[in-house]
Amino acid sequence: MEPHTFLKRFPPLLFLGILPAIPAAAQQAAPSNFSFASGEALTWMLLIFMLAMLFAVLVLKQKVSNARNSYKKKNAGEQARQLEEHTRHLNSEQIGKLIELKKHCGRATAILLLLFTAALSVMPAGSLLAQNAGAPAKSSLLSETGILITIVLLVLPILAAIIILIAKVMNTLDQARNQRNLEEAGKLAAHLRALPEEMIDTELRKRKAALDYKLSHRELSGTQTAADEKGLLHLNGETGLPIVALKKKALPRPNIDPALSRLICWYLGFAAFWLLFGTTVGEYVGIKFVAPDADHVSWLSFGRLRPVHTNAVFWGWASLGMLGLGYYVVPRVSNTKLANIRYGWYALGLINAAVVLGTVCLMAGVNNGGGEYREYIWPVMVLFAAGIVFTLVSFLRTIARRATKEIYISNWYIVASIIFAIVITVVAYVPYWQNGLGETIVQGYYMHQGVGMWFMLFTLGIVYYFLPQQLNKPIYSYSLGILAFWTQILFYTLIGTHHFVFSSIPWWLQTVAIVGSAGMAIPVIAGTTNFLMTFKGAWYKVKDSYTLPFFLVGIVFYFTGSMQGTAEAFRNTNLIWHFTDFTVAHSHLTMYGIICFFLWAGIYAIVPRLTGKEAPQITIGAHFWLALIGLMFYTVPLMYGSTLKGLMWIEGKPFIESVVMMAPYWLWRAIGGSLMWLSHLFFAYNMYKMMTNTYVVDVRETAIQKLHDSTVPAQPIV
Amino acid sequence: MEFFDNHKKLFGAATVFFVGLTILVAIMPAVRNQENNQPLPDAVPLNAQAVRGKAVFVANGCVACHTQQVRNVDMDKTWGSRPSLAADYAGFTRTDAWRNTATLMGTERTGPDLTDVGNRQPSRDWNLVHLYNPRIVVGESIMPAYTWLFDIKKEPDTSDVVVNVPAKYLHGEEGKVIATQDALDLIVYLQSLKQAKLPDGTEAPAFLYKKEEKKKTGDGKAAPDGMALYTASCQSCHQANGEGLPGAFPALKASPVVTGDNLELYVDIILNGYDARPEYGVMPPVGANMEWTEYEVAAVINHERSSWGNNAKQVTPEEIRKIMDFVKQKTAR
């Protein structure tokens with residue numbers, strides 16, 4: 001089979017990014033006829049699912065057989081050997097403690113209790129997992145919406161059950177292992193107690209001396225200091241083969257109210273969930289540009305899912321992410337406790353409820369009338385608004401009781417952005433000025449203030465706190481921050497209607513918007529300068545840190561993305577780019593390149609400090625690079641293609657030709673989107689690693705602890 | 001500074017500043033536009049069915065890809081005879097207690113603009129087939145297929161509107177495709193989208209950024225491109241290969257009307273439409289809708305007569321002018 005037809009038949013492969021170098025395949029004039037209702041797709045999904053199951057079963061089997069082996073009755077000799085083994089491997093500190101304990105041994109009367117005796121019978125996990133999602137029904141039936149929905153409804157809980165089952169089994173096995181280790185520790189403790197005195201004196205002491213033996217590190221160099229008079233020595237501290245560059249560890253922060261830290265973790269956890277959900281939808285919507293017949297289900301049609309994607313990432317991911325970080329920053333820079341922690345929980349519940357309800361409404365075909373980001377109907381949006389009102393009250397009270405004289409600039413940005421978000425929501429949803437073109441004027445105002453005054457302003461506040469913190473030096477210029485604050489309000493408020501240049505809204509209003517867009521250069525350049533100058537003299541820290549690269553990317557896109565917005569607003573460029581996918585590329589360059597990267601930077605900076613746990617460096621790296629490369633694959637082809645599209649329109653070419661011309665660029669967008677989506681899987685995994693507690697009982701450490709507990713009598717209460 | 005260290009003053013000032021600007025650039029212009037514009041006298045308000053159709057249009061998020069605004073720039077000439085005006089939107093008010101006004105101007109043009117689609121594409125048959133699956137009639141289209149707006153019946157009633165869908169797109173299902181009420185409503189809405197005429201004596205605003213005209217004919221007028229006209233106005237039914245769609249739209253390849261000598265019938269069909277044969281859909285008056293002159297008609301005829309293996313005599317605009325006058329007289333009678 002030649003690759004061309006192969007790809008045509010199995011387009012899902014393209015999105016997996018397995019074969020990224022196939023732009024030629026997309027030159028086909030007609031869109032792909034791939035459909036999820038087709039037999040092929042089902043076969044593929046089933047195959048992937050079976051592979052995943054097989055993998056899970058193999059892993060479980062391995063775990064179970066390990067567990068079973070260790071449960072097998074060991075003969076006495078073997079057991080003794082194992083205890084000997086443990087004894088031999090005690091480290092110096094442990095031996096020290098043991099010797100110490102043995103001294104008290106005579107007085108000790110405690111009896112060792114073996115607390116855990118139950119042995120868990122291991123579930124025959126494999127047989128349970130064999131239940132599958134069920135064989136596919138006849139494919140003609142599968143094009144029926146009702147049947148499809150039913151199947152999905154049936155399969156979802158089964159899948160969830162399987163996943164939960166696997167997790168439970170893993171968990172049980174881990175518990176069993178820990179229990180075993182505890183038992184073994186008990187035995188070891190008994191064994192150690194029974195060790196004869198002479199052995200303590202001779203062997204263990206010897207062993208300890210051996211373990212404690214250290215080289216002086218001067219055996220070869222002698223005691224004279226080396227002189228490198230010719231400057232020949234270049235010492236590299238790194239040894240071994242580092243797969244990822246070694247970065248500095250996050251330091252646990254003392255004195256964070258555990259209640260607050262719990263709240264923040266929940267905010268950020270939900271944010272990560274909505275990111276994953278929203279971008280999964282976005283990814284699917286992007287795929288529909290290449291395979292428009294992927295499904296014929298009303299709830300999943302393009303026009304309904306597109307706003308589901310935008311609203312979920314706006315109000316779910318970005319808003320909750322910002323607020324979560326805000327709940328950390330506001331009390332911290334006020335040097336006081338958060339005023340109303342309960343309000344934070346209310347806000348979290350309300351905002352989540354808004355996104356869930358809004359998503360269901362949009363998919364059911366209930367929307368507000370089609371204005372972008374204003375698709376949620378007012379009863380849904382009122383929940384969101386209530387959520388940020390609670391937050392505002394809590395933040396204002398916190399700032400009112402601040403222990404510092406000045407209000408740190410972060411709080412200017414954060415609190416102002418919440419006030420402005422409430423104002424724009426009211427303006428957007430109050431009906432008195434929404435008839436005829438009034439709706440359009442308000443729409444232009446709302447959609448741009450939403451991004452500029454809510455997301456951008458809030459995120460800047462977060463950066464003004466976390467960037468200096470991560471660089472461990474103060475912000476370069478406080479006054480530049482103040483200049484950027486006021487000029488952002490002045491210019492950004494004006495620019496909304498640049499989304500309707502050449503439309504029938506008043507010409508003067510369009511001109512004001514264009515002038516305002518040009519004025520945006522002032523806050524953007526002020527902000528960028530401020531951030532980059534803060535890096536001055538600390539650039540070397542970038543390579544040692546896994547948060548600073550996120551900040552750096554965010555700053556670069558803050559400058560380029562925002563200035564691109566200015567460039568797009570002019571009438572001449574509007575002529576080419578308006579109505580094309582250039583707008584889509586621009587909004588991803590900014591909402592993703594700026595907002596998401598800054599949020600990730602903040603999250604990776606703060607969560608380890610709250611939980612004391614870090615994500616593996618390699619998966620943080622994977623997240624960073626996939627997101628960045630994916631974003632480039634997403635935006636650059638779209639910008640290039642849509643420029644060509646605009647030129648074709650100016651030339652008066654038939655519309656459908658511009659659709660055909662875009663096909664390869666849309667494919668690249670889907671590939672870039674897939675990489676971005678993949679990076680979010682890594683992000684979700686990292687969040688999991690940073691937030692969950694998994695620990696393994698250390699046999700030796702516990703044994704010593706047990707001995708210690710049983711030997712040292714409890715202090716009598718005086 | 002004391003001012004910046006007082007949270008009431010600081011946030012109060014920022015709020016007043018922002019709200020003041022908001023009133024200036026959003027609320028006041030919005031209120032003024034709402035108060036000072038009236039629908040054009042010739043504008044036809046949506047009937048009850050079209051209102052229902054608009055609700056279907058809104059519910060399915062069609063505005064994500066289809067704009068409804070002809071901008072005052074030259075390239076938007078394709079989408080309407082004049083730039084859209086504030087008056088065109090003045091009749092729109094709040095939808096209901098739950099939903100805001102839907103002017104549906106849109107910000108993305110992934111699909112064609114729909115301001116004047118009622119004139120450009122008035123055929124119900126074409127619209128229904130296209131809605132069932134756009135790729136039946138436009139192979140390159142990436143528009144979603146709205147199959148859930150249709151039923152499949154073994155034995156359609158006489159009142160049912162049957163849509164001619166090729167077997168390939170039924171995916172093995174047996175029976176006839178029937179348009180649901182939602183689909184019919186939506187089509188009525190689309191058919192009602194027509195630019196209202198300006199009152200006599202009112203001059204439409206100019207289209208800006210005019211393209212430099214390249215090809216000039218003897219009398220200084222640009223010769224229209226027959227192929228482009230065909231692609232824009234004819235191809236969606238008769239297809240790029242001129243073979244039409246069996247059971248829905250007739251072929252122009254080797255068509256006796258196209259290649260024969262009866263120019264009068266040919267020109268009449270292009271200008272005023274055709275509904276002589278029950279097995280095909282009704283052809284709308286494309287030429288009259290698009291206000292074609294003899295130059296456009298001649299260009300289209302010459303393109304159709306020299307494509308897809310057709311090889312018939314070419315015509316001149318002068319010749320067509322005479323026939324058009326004759327046809328017009330005949331229609332008047």
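For the numbers below, each heavy atom of this structure counts, side chains included, while hydrogens, waters and symmetry mates do not.
For chain B, the nearby part of A:Glu439 is the side chain; its heavy atoms alone come within less than 4.5 Å. At a 4.5 Å heavy-atom cutoff, A:Tyr492 makes no contact with chain B through either its backbone or its side chain. Using a 4.5 Å cut-off between heavy atoms, A:Ile650 touches chain B through backbone and side chain atoms alike. In this structure, chain B has a heavy atom under 4.5 Å from the side chain of A:Met447, while its backbone stays farther away. Interface residue A:Leu509: only side-chain heavy atoms are found under 4.5 Å from chain B. Contacts of A:Trp507 with chain B are made by side-chain atoms alone, with heavy-atom separations under 4.5 Å and no backbone atom involved. Residue A:Trp508 touches chain B through its side chain alone, counting heavy-atom pairs closer than 4.5 Å. Interface residue A:Pro379: only side-chain heavy atoms are found under 4.5 Å from chain B. For A:Ala428, the part lying near chain B is the backbone, with the side chain staying farther off; criterion is any non-hydrogen pair under 4.5 Å. Only the side chain of A:Lys645 has a heavy atom closer than 4.5 Å to any heavy atom of chain B. Residue B:Asp88: no heavy atom, backbone or side chain, is found under 4.5 Å from chain A. With a 4.5 angstrom heavy-atom cutoff, B:Arg135 touches chain A only via side-chain atoms. For A:Ser503, the parts sitting under 4.5 Å from any heavy atom of chain B are the backbone and the side chain alike. For A:Leu305, no part sits under 4.5 Å from any heavy atom of chain B, backbone or side chain. Proximity to chain B (any heavy atom under 4.5 Å) is shown, for A:Trp486, by both the backbone and the side chain. Interface remark: A:Glu372 contributes side-chain atoms only to the contact with chain B (heavy atom separation under 4.5 Å).
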Where do B:Leu10 and A:Trp412 land on the side chain to side chain contact (heavy atoms under 4.5 Å, CB included) test, with the steps shown first?
-> CA-CA 8 Å; B:Leu10 173 66; A:Trp412 293 34; 3.6 Å; yes
For A:Ile656 and B:Val138, run side chain to side chain contact (heavy atoms under 4.5 Å, CB included): C-alpha distance rounded to whole Å, both residues' side-chain angles, the deciding distance at 0.1 Å, then the answer.
-> CA-CA 9 Å; A:Ile656 194 71; B:Val138 186; 3.5 Å; yes
So A:Asn367 and B:Val58, side chain to side chain contact (heavy atoms under 4.5 Å, CB included) or not? Walk me through it.
-> CA-CA 7 Å; A:Asn367 69 57; B:Val58 170; 3.2 Å; yes
Steps toward side-chain hydrogen bond (donor to acceptor under 3.5 Å, both in side chains) verdict (A:His578, B:Arg71) = CA-CA 11 Å; A:His578 194 41; B:Arg71 297 171 299 167; 5.0 Å; no
List the steps and the verdict of side chain to side chain contact (heavy atoms under 4.5 Å, CB included) for A:Trp299 and B:Trp148.
-> CA-CA 10 Å; A:Trp299 282 49; B:Trp148 68 88; over 6 Å; no
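Partners of A:Glu375 according to the side chain to side chain donor-acceptor pair (under 3.5 Å) rule, which considers only residues two or more places apart in sequence or in another chain, are A:Asn311. Taking the side chain to side chain donor-acceptor pair (under 3.5 Å) definition, one finds that B:Trp126 meets it with nothing, sequence neighbours left out.
Residue B:Ala145 comes nearest to A:Asp293 through the heavy atom pair CB-OD1, 3.9 Å, listed as atom of the first residue, atom of the second, then distance. Residue A:Ile489 comes nearest to B:Leu21 through the heavy atom pair O-CD1, 3.6 Å, listed as atom of the first residue, atom of the second, then distance. A pairwise comparison of heavy atoms in B:Thr67 and A:Phe579 identifies CG2-CE2, 3.5 Å as the closest pair.
Remark: B:Met227 CE is loosely packed, at most 12 non-hydrogen atoms of other residues, nucleotides or ligands lying under 6.0 Å away.
Residue pairs meeting the salt bridge (Lys or Arg N to Asp or Glu O under 4.0 Å) criterion with at least one partner in residues 102-111 of chain B, sequence neighbours excluded, are B:Asp76-B:Arg109, B:Arg109-B:Asp113.
A side-chain donor from one of A:Arg304 and B:Asn60 sits under 3.5 Å from a side-chain acceptor of the other. In this structure, a donor-acceptor pair under 3.5 Å is absent between the side chains of A:Ser504 and B:Gln69. In the model, B:Tyr146 has no side-chain atom that pairs as donor or acceptor with a side-chain atom of A:Ser301 under 3.5 Å.
Distance CG/A:Leu575 to CG/B:Asp74: 9.0 Å, rounded to 0.5 Å. Rounding to the nearest 0.5 angstrom, the gap separating the SG atom in B:Cys62 from the CZ atom in A:Phe302 is 11.0 Å.
Ring geometry, B:Phe18 versus A:Phe420: the interplanar angle falls under 30°, so the pair is classed parallel (tilted spans 30 to 60°).
Of the possible donor and acceptor atoms, one in the side chain of B:Gln34 sits under 3.5 Å from a partner among the backbone N and O of A:Tyr432.
For a heavy-atom cut-off of 4.5 Å, chain A lies close to B:Ala97, B:Trp98, B:Arg99, B:Asn100, B:Thr101, B:Ala102, B:Thr103 in residues 96-103 of chain B.
Annotation: side chain of B:Tyr209 is in contact with side chain of A:Asn572 (closest heavy-atom distance under 4.5 Å). Considering only heavy atoms from C-beta on, B:Thr22 comes within 4.5 Å of A:Thr493 through its side chain.
Here the two rings, on A:Phe395 and B:Phe11, have centers that are 6.0 Å apart or farther.
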